[in-house]
Protein chains: 2
Amino acid sequence: MDKGKILIIESHPETPDSISNLLDDEGFAPATTDENDNVLETAASEKPNLILIDMESVRADVWELCRNLKEDYETRKSAVILLSSQSDEELVVKAFESGADDFVSKPISKKKFVARLKAILRRMERNETKKIKVKDIEIDLDEHKVKKAGKPIDLTYIQFKLLYLLASRRENVFSRKEILEKVWGRKVYVTNRTVDVHIKRLREKLGEYKYPSQYIETIHGTGYRFL
Amino acid sequence: MDKGKILIIESHPETPDSISNLLDDEGFAPATTDENDNVLETAASEKPNLILIDMESVRADVWELCRNLKEDYETRKSAVILLSSQSDEELVVKAFESGADDFVSKPISKKKFVARLKAILRRMERNETKKIKVKDIEIDLDEHKVKKAGKPIDLTYIQFKLLYLLASRRENVFSRKEILEKVWGRKVYVTNRTVDVHIKRLREKLGEYKYPSQYIETIHGTGYRFL
DNA sequence: GCAGTATTGGCATAACTTTTGCAAAATGTT
DNA sequence: AACATTTTGCAAAAGTTATGCCAATACTGC
């Protein structure tokens, strides 16, 4: 599974205890760039979820870099995490004030560090919650189960993904294009009509007979949304 | 300035070094609840941006609490921050795995702590959906929703685009030609009269009965503008 | 590997919603 | 008042979505 895009800014990615080596082991697939590259450009084109900056190895003005990353339209949504072996008050406060989203003091246990990163990634992609409860519907991602009013509902693979997507951002309107991309994946030859059909079947299983829909609303000309 | 809603879960908010006292000094206005209250309910109704849980003072199962907060639709967007005087690996990892967004070991310098909280609040703000607010009208692009005085208004696709265009640059006068281009696109054979019709219907739905128009003004011989 | 079952994709048509522009009425301008 | 522009009601036209159905594919148990 995709754990999220990570960009690491450090000078010596080869050393055994470098951040990139640490994350490689954990199944992340981080990209690396060093201070000599144009960090801002790399970040803007890669659009990583996380940007890890090792303060020891960056010569340039880190605060300036942070501020730029947060101001640039392309990168402002990436979480910036600073790592340093120092941790005095002034430094930490300055880090956060410059726009950093987290500050980690080295050395840190690998497990703690990874857990922290995962938490931040999770916070960015709100829909990675394991369980969602909406109205009388309960969705369990791990068990791949859906219950309505406590009673299990049998959904097929696509139906489940569809429901999960819609419910993960309730009220948000998803266009068919978006749905196709998120449920079927990028390179699909499935048409918009197919989305309709699956919506229909999902509605049936959720027990929608009457109007207006209790769960899935059609936004004419636009898409669908979970109420 | 509003610094964000904070809910603190601790048993003894009165003690001098309690979290709530610490934050009071910093200009935050945290609410407090203790383990005996129904934390979930309080959180769901308050919808705080931040939920601070002092692990020392909570008797109930903290992990369970975290998980519940993250599953419930009302509270899952609140950032949950755990505080503890312990910080061993197992505990920290478990905290993040249960859904916590941050883990802070006590004691911590007030300034560091506050800087961290501000960073988290800032990040949450960034993730909020963009809304345009004009007078008592609220337009939400992601949810494809328009509200007037809090009450939802049902707009069709074109009506929505039209309103969005006009409201996005208030006071600016849009010619019909401009409107046609921006709402319908370049290569259309739709006449100016059609724009009028849509303006009319939009006015109707916005509840414009009397003169002069409260929202959409006609500039005779020129076009329309949102007031 | 086969037969039976479940799932999926999408066509065709029905049901429904939205859009369009004419023509008449109303309003604004000079 | 004479003319230009905008507003409005209406019905036809265009567009979108729902649904029944069937074929293709995937899955399951033997």
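What you see is a predicted model; the values in this text were computed from it and never measured. Lettering follows sequence order; numbering is per chain, from 1.
In A/Glu41, the CD atom is not crowded: 12 or fewer heavy atoms of neighbouring residues, nucleotides or ligands sit closer than 6.0 Å. The neighbour count for B/Glu90 CD, taken as heavy atoms of other residues, nucleotides or ligands under 6.0 Å away, does not exceed 12.
Results of the side chain to side chain contact (heavy atoms under 4.5 Å, CB included) test with B/Phe174 over B/Ile179, B/Leu180, B/Leu162 single out B/Ile179 as the only residue that passes. When the options A/His198, A/Glu204, A/Arg201, A/Lys205 are evaluated for a side chain to side chain donor-acceptor pair (under 3.5 Å) with A/Gln159, the one that passes is A/Lys205.
Of the candidates C/dG21, C/dT19, C/dG9, the closest approach to any side-chain atom of B/Thr194 belongs to C/dG21. For B/His198, the listed nucleotide lying nearest its side chain is C/dT20; candidates were C/dT20, C/dT8, D/dT16. In the set C/dT18, D/dT6, C/dT8, C/dT18 carries the atom at the smallest distance from any side-chain atom of A/His220. Listed nucleotides D/dG9, D/dA18, D/dT7 differ in distance to B/Lys200; the shortest reach to its side chain belongs to D/dG9.
One can find a donor-acceptor pair under 3.5 Å joining the base of C/dT20 and the side-chain atoms of B/Arg201.
Contact check for B/Val183 versus B/Tyr164: no side-chain heavy atoms found under the 4.5 Å cut-off.
Backbone-only contact: B/Tyr224 has heavy atoms under 4.0 Å from sugar-phosphate atoms and none from a base. As judged by a 4.0 angstrom heavy-atom cut-off over every strand, B/Val197 is placed among the base-contacting residues. Looking at heavy-atom distances under 4.0 Å, B/Ile158 makes contact with sugar-phosphate atoms alone, never a base.
Place B/Lys205 and B/Thr191 on DNA chain C by their nearest nucleotides, and B/Lys205 ends up nearer the 5' end.
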Would you check, one step at a time, whether the test side-chain hydrogen bond (donor to acceptor under 3.5 Å, both in side chains) holds for A/Ser168 with B/Arg76? CA-CA 11 Å; A/Ser168 69; B/Arg76 70 197 199 91; 5.6 Å; no
Kindly determine whether B/Tyr224 and B/Asn172 satisfy side-chain hydrogen bond (donor to acceptor under 3.5 Å, both in side chains), including the steps that lead there. CA-CA 8 Å; B/Tyr224 297 99; B/Asn172 181 28; over 6 Å; no
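In the helix from C/dG1-D/dC30 to C/dT30-D/dA1, the terminal helix axes, each the rotation mapping four pairs' C1' atoms onto the next four within five end pairs, subtend 50°, rounded to 10°.
Under the 4.0 Å criterion applied to side-chain N and carboxylate O atoms, A/Asp72 and A/Arg67 are not assigned as salt-bridge partners.
Phosphate contact (OP1/OP2 of C/dT8, side-chain N/O of A/Trp184, threshold under 4.0 Å): absent.
Atom C1' of nucleotide D/dA4 and atom CZ of B/Arg176 are separated by 12 Å, given to the nearest angstrom. Atom CG in B/Leu180 sits roughly 13 Å away from atom C1' in C/dT19 (whole-Å rounding).
With sequence neighbours excluded, the residues that form a side-chain contact (heavy atoms from CB on, under 4.5 Å) with B/Val173 are B/Ile219, B/Thr222, B/Arg225.
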What nitrogen or oxygen pairs link the protein and nucleotides 23-25 of chain D at under 3.5 Å?
none

